[in-house]
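Have a look at the structure below before the remarks.
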Amino acid sequence: MNESLRISLWQHGIFLLVLFLVLAPLSFLILGSFSTARLPGDFSLHTMGLVNYISVYADASTLDLFANTIIYVGGSAALGIVLAVALAWLVERTNMPGKIFLYAGVPTTLAMPGMLQAMAWVLLFSPRIGFVNTWMKDIFGPGAPVIDVYTLEGMICLEGVRLVPTAFLMLVPLMRSMDPSLEEAAAVSGARPASTLRKVTLKLLAPALVAVMIYQAMTALEVFEIPGILGLPAGIYVFSTKIYAIVRTATFMPVYGQANALAMVYVLIAVATTVLYTRLISRAERYTIVTGKGYRPRQFDLGRWRIPAFIAALFFLFISIVLPFVVFLYASFLPYLQAPSAAAFKVMTLKNYRLLAEYGEVGSALRNTFMMVVTTATATVALSFVVSLVVVRSKFWARKLLDQLAFVPHAIPGIVMGIAFFWLFLKLDFLPLYGTIWAISIGFTISFLSYGTRSMNAALLQIHKELEEAAYVSGAPPWRTMWRVFVPLMMPTFVGVWIWVVLHAVRIAGMPLILAEGPGNQVLAILIWNMWDEGYVPAVAAIGTLLMISLLLLTVLVRIIGFRRHAMQMVGG
Amino acid sequence: MVENRIRIAAFALASLLAAAPALVGAASAPLPKSTQDDLKKLKLDPSILSDLDKELTVPQSWIDGAKKEKRLRIFSTFDPPQAEVVLRAFKERYPYIAIEYNRASHEDRAIRTLVAFKNKKSVTDVLTGLGGSFFMYREIGAMEDLRNIPNIKNNPPGTVDHEGFWVGMHMRYWCMAYNTRQIKKQDVPRKWEDFLANPIWRNGNLALGNRPQLWALQLWKARGEKWTKDFLSKLFTDVKPQLRREGVNAILELLAAGEFYGSIPSAEYRTYQKTLDGAPVSYTCPEPVPVAVSEMAILKGSPNINSARLFVNWFLSKEGQISQYVADYAPPVHKGLQRKELLPFADQIVGKEDAFRDPALELEVQPKLLEFWDQLWLKGGGRRRSGGPG
């Protein structure tokens, strides 16, 4: 077999693999939405109809569902962007002191799992027993105002805060590299600083802000943990939690087709958002604000607001990282849940930590989680690399389609992907995957493929073709070229993507909740979710505290690798 | 002289009778160490297990089969550390069976297992606490017939399914728990109507879990349909309790934290465990006391059927029942172990009028009760029990 035929076979193999892994579950998801049988196992082409669509969309409560989802997604994206712009502006465009704390601290908040943050907020702001509400009652009496976290507003606030670090990371470079000439012109023309900020700075940033906001809205649309922990107890549903509620019933057999029918809208919204996002990005050059000139934007003098601004910025870090951690640490030493008091500190115990050692399920969940995250991260890196290689470095006829296929899962929420894979693994029962840890690994790998390929595409574009051409001319076969040229140069990207996947796979509960079948494939996120749901709050706090510490350490590692990579690039010229 | 001889003979006979259980015990196989520890912990005389060998006698084919299977999967409600305690003695007796234990919520235990079964996947061998989901298992014939388990004869009447699809594994007294910091003794309800009369329970101070089949079903049996419907209607409209979506254990944790003053339904064993942690909670049973058993079943077609049978038979023996009591204080179902020292909050239960949830009640009344309850629950702003929209 000659070399070009072998390469072509490889390219077709990769294309077919991605085509199958992306389209097969989605096909079952679509087909299942028309199934009149209650369970995937009873599905056949003879039992098709519109009954699921009718029962889901004819129900009056579905309108509430749309309204809740729109308010939740729009509200949290808006809050997230306002906070992120404010923080990015403070660190890049003002003379606020202590900026290093924010540069280091804001991205670190990414390490905090949303599920644990939501649980911490429940402990703080539950209307009757939340620590904050209890203190308010102690200080101001029974008529004290109550902060209720089990509301749409509570969900928006928390998700808004959670969206900040990603938006911050996107906005900081933009703020840093903005051409200050227009702002300077406004200042020279006598415009006030606030008016310059509103009429010049923000207008210049508008397209980027819209793009970031759409990205944030997609993230909020996908998130399951926050509305799951804050919304479900109060009966406030958004799409992701409604789908979950349909398939996870207590007394009746779930109707999977209804979940699929509901997921169709979700998929449509997500895909439409993706298209809009892609279009905006493609037009971004119209709003070019970074030129080839070297300059440093003017710093805005905050005057007497320097210290208050710094305190406000630190407050963000406090509520994002410090407060959840302290709350969990405190609760992890309690024999039973109670508000902080002298009496509570007297009865503190290590029981919950000892329990973790005895709790057989913790051990098996840790083992499963370890296997799952390692295989998922490794598979994502490997698959993303070969896909990007075909997309960026080959003339394969379907390379653009392959790139789009790899991007599609990004627009599909984990809980929906979970249901799609649930159908796939049940129907293709010759694949012994149902109820295994590999089922979750495959689902996550496909979900993270878009992130992996975006990173790999960018990294591969930076490697000049002359390196592989030199290897080719020297007679090196393709595998050796890959091993000796690409792998060393791509190593920082491999490590970066690998750790990013680990950080995300370890804490996402949506997809594993659908694909979990028992101790064989129960991962840590599911164990925490179930234990919380069943009231083992102090034990959850103990696991959560240890998980937070591990993830914070891992995030610090990512930052170090990031700095090294930056340093390597600097050295490389 | 003759009198003396009679006295001596009588003394000898009395001594013999007194020593008989010990002699039988001495003649039987030695108890596993964990069982000996359990007896010591509960201050029970070993003679209580005098007929254990007989109870544990099973067909040889089960033992041979289990030795080949080497594995047993259990889905239940014991916390894993408690399960370790429950299973210690079993592991000592049957060391060739490796147990995979999983504590699962009702959804995971009952519904996921059923979904998997319908899709021809086996996720467990032994399943417990099926509660209101049992009718679905019966519909599709998902259970093994357990009438060949020798120790089901130890269960009181009504604690075994008439077709043998489940056996009662321990007793449950589904009453109420309350926070001792918020409820004074005079406010503790003595009968169910007290919740309607005493204003302290109003405006969210009482929590209801969405599991009426655990307690209201028995009230229906004891007081009739009209009384139960009136009571529940007033409870929802006048008292306006918090309608909680959490499971009963989570509700108990919230009760200890002070989220509400009382919770229905609460079981005696869980509340007792909380009191051992120092939580400010206690337990009371308004009359009539709703009594039930938790169900244990073996899934049809279980690949480890012999191990599963050995386990169920052992669990229903006195040794299994004592082990499970030591683990989590659930009152034994075994007829020979129904005693006050094996019943937490016995003073709140014994001597009161009770109402037992028997299988017939579940089949006949439960659908009607759930339909009525769901209307009240949804009207009160509670979350729908079924998975449909809304």
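Residue numbers start from 1 in every chain, and the chains themselves are labelled A, B, ... in the order their sequence lines are given, proteins ahead of strands.
Between chain B and the options A:L426, A:I129, A:L262, the largest number of non-hydrogen pairs under 4.5 Å is found for A:I129.
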Begin from the C-alpha positions of A:F425 and B:K121 and carry the test side chain to side chain contact (heavy atoms under 4.5 Å, CB included) through to its verdict.
-> CA-CA 11 Å; A:F425 295 140; B:K121 308 281 178 190; over 6 Å; no
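For A:F422, the part lying near chain B is the side chain, with the backbone staying farther off; criterion is any non-hydrogen pair under 4.5 Å. With a 4.5 Å cut-off on non-hydrogen atoms, B:E100 does not touch chain A at all. Contacts between A:K351 and chain B at a heavy-atom distance below 4.5 Å involve the side chain alone, from C-beta outward. Neither the backbone nor the side chain of B:R73 comes within contact range of chain A; no heavy atom of the residue lies under 4.5 Å from a heavy atom of that chain. Interface remark: A:T349 contributes no atoms to any contact with chain B (heavy atom separation under 4.5 Å). Only the side chain of B:Q242 comes within contact range of chain A, with heavy atoms under 4.5 Å apart.
With rounding to the nearest 0.5 angstrom, the CG atom of B:N205 is 5.0 Å from the CZ atom of A:R128. Here the straight-line distance linking atom CD of B:Q273 with atom OH of A:Y336 works out to 16.0 Å at 0.5 Å rounding. Here CD of A:Q338 is found 6.5 Å from CZ of B:R181. Values are rounded to the nearest 0.5 Å. B:L255 CG to A:L337 CG: the interatomic distance, rounded to the nearest 0.5 Å, is 11.5 Å.
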